[in-house]
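Report on the following structure.
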2 protein chains.
Amino acid sequence: MKKWDYQNVRGTQDYLPEDESVRVWLRRELEEVFQQYGCKPMETPMINYTDLLASKYGGGAEIKKEMYTLTDRGKRALALRYDLTIPFAKVMAMNPDIRKPFKRYEIGKVFRDGPIKAGRFREFTQCDVDVAGVDSPLAEAELLEMATEVFRRIGLNMTIQYNNRKLLTGMLDICGVSKDQHSAVILILDKREKIGDKQVVNELKEMGVDGKAISKIAQWLKQMSQSGIVDFATDRPTTPIMAEGIAELQELEEALRYLNIDSQCTFNPFLARGLEIYTGTVYELFLTEGAIQSSVGSGGRYDQAISGLTGEEQPMPTVGISFGIDVIYTALKMEGRINQKPLLDYYVIPLQKQKEALAVASSLRKQGFRVDVEFKNKKLTKALDRANKEKIPFVILIGEEEVASGRYKLKNMETGAEQHVPFSF
Amino acid sequence: MKKWDYQNVRGTQDYLPEDESVRVWLRRELEEVFQQYGCKPMETPMINYTDLLASKYGGGAEIKKEMYTLTDRGKRALALRYDLTIPFAKVMAMNPDIRKPFKRYEIGKVFRDGPIKAGRFREFTQCDVDVAGVDSPLAEAELLEMATEVFRRIGLNMTIQYNNRKLLTGMLDICGVSKDQHSAVILILDKREKIGDKQVVNELKEMGVDGKAISKIAQWLKQMSQSGIVDFATDRPTTPIMAEGIAELQELEEALRYLNIDSQCTFNPFLARGLEIYTGTVYELFLTEGAIQSSVGSGGRYDQAISGLTGEEQPMPTVGISFGIDVIYTALKMEGRINQKPLLDYYVIPLQKQKEALAVASSLRKQGFRVDVEFKNKKLTKALDRANKEKIPFVILIGEEEVASGRYKLKNMETGAEQHVPFSF
């Protein structure tokens with residue numbers, strides 16, 4: 001027979017039990033917090049109509065280029081979802097009577113046929129919480145508090161940067177950037193922390209932004225690095241849209257203070273978030289320690305996307321947050337923060353007495369314990385090695401003597417203590 | 001704006017919170033039982049090489065015709081997985097040093113571009129438990145006991161039918177069916193309960209089985225309807241392969257009796273299970289009450305498939321069981337067995353005092369409660385309607401008076417009793 005040399009498709013990976021059991025734990029922690037915040041689970045299909053996913057209210061042009069397309073026996077034009085936001089909007093459109101505010105979470109696979117970099121996959125898990133139907137900035141405050149609770153529970157220190165797109169838009173107006181260049185300029189400003197002010201100016205020149213506008217932006221970059229919202233509100237001229245953004249930010253900050261999470265949150269006037277759908281508050285979550293520099297979560301308010309998709313005149317105010325489950329998992333692993341409980345309570349090793357071992361396991365399982373029986377007739381030393389390696393707290397030995405005397409041998413693997421436990425075989 | 005008329009792709013569906021919260025509960029119950037039986041979680045990619053999925057050790061010819069194929073920017077020939085067994089075998093092949101017995105479960109989406117019937121979807125969830133590396137029938141007994149525990153926990157009465165493919169093969173040999181017709185004849189016999197003996201004979205004629213063989217099969221069908229394994233062992237001639245099957249079945253039955261689950265298990269000498277990969281024991285799970293006639297789970301022993309895929313000379317004894325999560329969910333729903341706990345413990349209704357409501361919610365959440373805050377400025381009667389509809393046990397009211405007096409109003413929705421709870425706003 002030919003020996004196959006199997007491998008996974010580029011950009012995909014298996015999660016073997018050692019990793020997956022931590023991911024299962026992580027997902028459950030997230031889900032429990034989400035439910036404490038009144039969010040409910042939802043599941044949407046991965047296969048969608050290409051038309052839906054290609055909507056202008058969907059992901060950016062880059063993401064759309066990375067869609068996996070396929071067809072079915074009905075020759076439909078289909079694609080795999082690249083995020084969980086469009087499917088959420090689709091559900092809102094298909095179920096207009098759904099009660100608002102609608103607070104849902106979804107954790108599931110998404111697909112992007114993009115370039116592979118370290119830690120980037122083509123098939124990966126997204127984890128989104130969205131609230132549709134609330135226009136108050138308190139919705140943002142609640143989601144940000146939820147985010148602090150998530151990271152508190154999993155034991156990672158996290159800080160939140162926030163901004164408001166209206167402020168950014170207003171500043172670009174004041175600097176004299178033409179409307180049609182806003183999105184592109186925002187994308188460049190968004191990279192500021194990564195590429196530095198000088199490179200920002202270079203890229204603005206390259207894209208052909210007006211020279212006067214660039215020097216105003218450069219001045220702004222210089223001055224505003226250390227400023228807070230107050231400076232925007234008092235020190236400079238404001239446009240109506242800017243004033244709106246400032247009012248929203250001030251209301252948000254008041255709520256963050258009231259909820260006692262303001263010390264974890266920092267205003268960053270250059271934070272933009274790439275996606276064009278955002279209309280107000282935007283935020284990004286970063287770890288304060290360790291090697292992970294990229295964000296571990298992000299989101300913001302997008303009041304136009306759902307109504308854009310549904311075709312309603314009335315905007316549907318919506319705010320969301322996305323947690324980077326894969327990068328959070330990597331961080332937990334790197335920080336050694338995974339104090340995982342052993343997956344088994346008991347390990348039953350039969351010495352020729354397999355059926356009887358199964359009966360003992362069965363009785364312990366009925367009491368709620370997690371029990372494995374060794375069916376492989378391993379040597380005792382090998383079996384005990386496994387118990388030590390997997391930190392299984394108790395081992396049970398069942399041989400002829402044990403069955404004859406109606407007692408099995410229970411070994412505490414930490415202390416080494418042994419005792420005999422009566423059992424009617 | 002154009003009003004879009006969105007719909008899901010044929011064969012796919014959304015699970016809205018009402019359904020999905022039950023499915024989340026069901027998955028967790030299953031996972032907890034799996035872990036009690038020493039099984040560990042694993043996750044494999046949905047996108048695979050077409051070559052892997054098209055392997056002859058994979059699904060049957062019908063299933064392969066239903067593969068969704070796609071490609072990526074590397075022009076690879078790819079397909080979406082149609083089951084969780086091939087990905088499991090792939091992991092075994094890629095990780096030859098994995099410790100055996102390897103007991104893993106996986107719950108995930110699979111895809112089949114097949115005809116749509118009631119309750120059949122093109123994108124659906126499979127839930128598999130497999131044990132690789134144990135050749136003793138005790139592995140089957142353990143999985144069947146686990147299945148009884150699953151259904152006990154979720155409150156559905158279930159019965160197991162079992163058989164052994166070696167017995168079936170031996171009987172076909174004795175009846176004089178030629179080897180190359182075995183698979184097709186087994187598929188026809190498998191439909192016996194559905195189509196009746198007469199139709200079985202008709203279909204055997206249609207496929208061109210030898211006349212003498214057919215009359216022997218017909219005789220067998222008539223005689224064996226009521227017989228047990230003992231009849232096979234004593235009443236008739238046996239072939240070596242049949243003797244093997246009988247010995248395995250007797251060992252299995254002894255274990256089922258020893259584990260006290262024999263009353264839930266019935267020998268069915270015609271049970272075949274469609275898939276060609278099975279080599280020994282096969283079983284199928286049925287509900288004993290209600291309208292669901294189709295099986296709610298099934299599986300068996302397949303000792304050749306993994307070594308076939310890996311190209312090893314040595315067979316890898318493997319036994320698995322698959323739970324039909326979607327049909328189980330439907331049964332729970334139809335039987336009214338879903339006594340779901342309310343998703344919320346508290347519902348905080350602010351009367352203009354939203355920020356303060358958020359603070360009260362925050363404090364309750366920190367105590368572990370699931371709390372929702374009404375941000376929509378709903379009328380009080382409407383908000384209370386929701387509390388009743390969703391069976392939320394407690395409602396909290398926070399208006400100007402409450403904030404001024406430093407006490408919020410707590411209403412027990414079942415008794416109607418109200419009390420004032422101090423809170424420092």
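Residue numbering restarts at 1 for every chain, and letters A, B, ... go by the order of the sequence lines.
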**OP:** Step through the shown structure and confirm whether more than 12 heavy atoms of other residues, nucleotides or ligands are within 6.0 Å of CD on A:Q367.
**Re:** yes
**OP:** Would you mind checking which part of B:K109 comes under 4.5 Å of any heavy atom in chain A, side chain (CB onward), backbone (N, CA, C, O), both or neither?
**Re:** side chain
**OP:** Report the option among B:D372, B:T12, B:D113 that has the most heavy-atom pairs separated by less than 4.5 Å from atoms of chain A.
**Re:** B:D113
Original post:
Judged by modelled atom types alone, do A:E145 and B:S362 share a side-chain donor-acceptor pair under 3.5 Å?
Top reply: yes
Original post:
Checking heavy atoms, do the side chain of B:N48, its backbone, both or neither come under 4.5 Å from chain A?
Top reply: backbone
**OP:** Using a 4.5 Å cut-off on heavy atoms from C-beta on, say whether the side chain of B:M92 contacts that of B:I98.
**Re:** yes
Subject >> Structural part of B:F34 lying under 4.5 Å from a heavy atom of chain A >> reply: neither
Original post:
Given that the side chain runs from C-beta out, which part of A:Y37 has a heavy atom under 4.5 Å from chain B: side chain, backbone, both or neither?
Top reply: both
Subject >> Per-residue contact mode, A:P115 against chain B (heavy atom under 4.5 angstrom) >> reply: both
Original post:
Top residue by heavy-atom pair count (under 4.5 Å) with chain B, among A:N260, A:L52, A:D72?
Top reply: A:D72
Subject >> Matching residue for A:R365 among B:E32, B:E149, B:E142 - test: salt bridge (Lys or Arg N to Asp or Glu O under 4.0 Å) >> reply: B:E142
Subject >> Top contributor to chain A interface from B:Y68, B:F425, B:F102, B:F111 [non-hydrogen pairs under 4.5 Å] >> reply: B:Y68
**OP:** Let me know if B:L364 has heavy atoms under 4.5 Å from chain A in its side chain, its backbone, both or neither.
**Re:** neither
**OP:** Dump the intermediate steps for side chain to side chain contact (heavy atoms under 4.5 Å, CB included) on A:F124 and A:I325, then the final yes or no.
**Re:** CA-CA 9 Å; A:F124 59 101; A:I325 279 205; over 6 Å; no
**OP:** Please state whether the side chain, the backbone, both or neither of B:I47 comes within less than 4.5 Å of a heavy atom of chain A.
**Re:** both
Original post:
Given a strict heavy-atom distance threshold of 4.5 Å, which part of B:K100 is in contact with chain A: side chain, backbone, both, or neither?
Top reply: both
Original post:
Can we say B:E374 and B:K382 salt-bridge, meaning some charged N sits less than 4.0 Å from an Asp/Glu carboxylate O?
Top reply: no
Subject >> Segment of B:T148 engaging chain A (4.5 angstrom heavy-atom cut-off) >> reply: neither
Subject >> Aromatic A:Y346 / basic A:R370 pairing, under 6.0 angstrom, 45° off normal >> reply: no
**OP:** Rounded to the nearest 0.5 Å, what's the gap from CE on A:M46 to CD on A:E123? Could you check?
**Re:** 8.0 Å
**OP:** Tell me, for B:L138 versus chain A, whether the close heavy atoms (under 4.5 Å) come from the side chain, the backbone, both or neither.
**Re:** both
Original post:
Which answer fits B:E356, side chain, backbone, both or neither, if we ask what part of it has an atom under 4.5 Å from a heavy atom of chain A?
Top reply: both
Original post:
Side chain, backbone, both or neither: which part of A:F121 has a heavy atom under 4.5 Å from chain B?
Top reply: neither
Original post:
Going by distance alone, is a donor N or O of one side chain under 3.5 Å from an acceptor N or O of the other, for B:Q35 and B:Y105?
Top reply: yes
**OP:** Please determine if A:R27 and B:E31 form a salt bridge, counting it only when a charged side-chain N lies under 4.0 Å from a carboxylate O.
**Re:** no
Original post:
Using a cut-off of under 4.5 Å for heavy-atom pairs, which of A:K366, A:K90, A:E66, A:E18 has the most such pairs with chain B?
Top reply: A:K90
Original post:
Where on A:S363 is there a heavy atom nearer than 4.5 Å to chain B: the side chain, the backbone, both, or neither?
Top reply: neither
Original post:
With chain B, which of A:E43, A:K376, A:R104, A:Q13 has the greatest number of heavy-atom pairs at distances under 4.5 Å?
Top reply: A:E43
Original post:
Is it the case that B:R23 places NZ or CZ above or below the six-membered ring of B:Y15, under 6.0 angstrom from the centre and within 45 degrees of the axis?
Top reply: yes
Original post:
By a 4.5 Å heavy-atom criterion (distance strictly below it), what part of B:N95 contacts chain A: side chain, backbone, both, or neither?
Top reply: side chain
Subject >> Residue among B:A359, B:S136, B:P101, B:A255 with most heavy-atom pairs under 4.5 Å to chain A >> reply: B:P101
Original post:
A:Y49 ring centre to A:R76 NZ or CZ under 6.0 Å, with the angle to the axis within 45°?
Top reply: no
**OP:** Compute whether any side-chain donor of one residue and acceptor of the other, for B:T44 and B:E106, lie under 3.5 angstrom apart.
**Re:** yes
Subject >> Which portion of A:V371 sits near chain B, non-hydrogen atoms under 4.5 angstrom >> reply: both
Original post:
Which bit of B:S55 is near chain A, if near means a heavy-atom gap under 4.5 Å: side chain, backbone, both or neither?
Top reply: neither
Original post:
Using a cut-off of under 4.5 Å for heavy-atom pairs, which of B:Q36, B:M94, B:E20 has the most such pairs with chain A?
Top reply: B:Q36
Subject >> Pick from A:P45, A:A139, A:C39 with the largest number of heavy-atom pairs that fall under 4.5 Å of chain B >> reply: A:P45
Original post:
Quick one: of B:E251, B:E254, B:R152, who has the most non-hydrogen atom pairs under 4.5 Å with chain A?
Top reply: B:E254
Subject >> Heavy-atom pairs under 4.5 Å with chain A, option from B:L80, B:D345, B:L358 with the top count >> reply: B:L358
**OP:** Is it possible for you to check whether B:K355 lies under 6.0 Å from the centre of the six-membered ring of A:Y258, through NZ or CZ, and within 45° of that ring's axis?
**Re:** yes
Subject >> Side-chain touch A:R122/A:I116, heavy atoms, less than 4.5 angstrom >> reply: yes
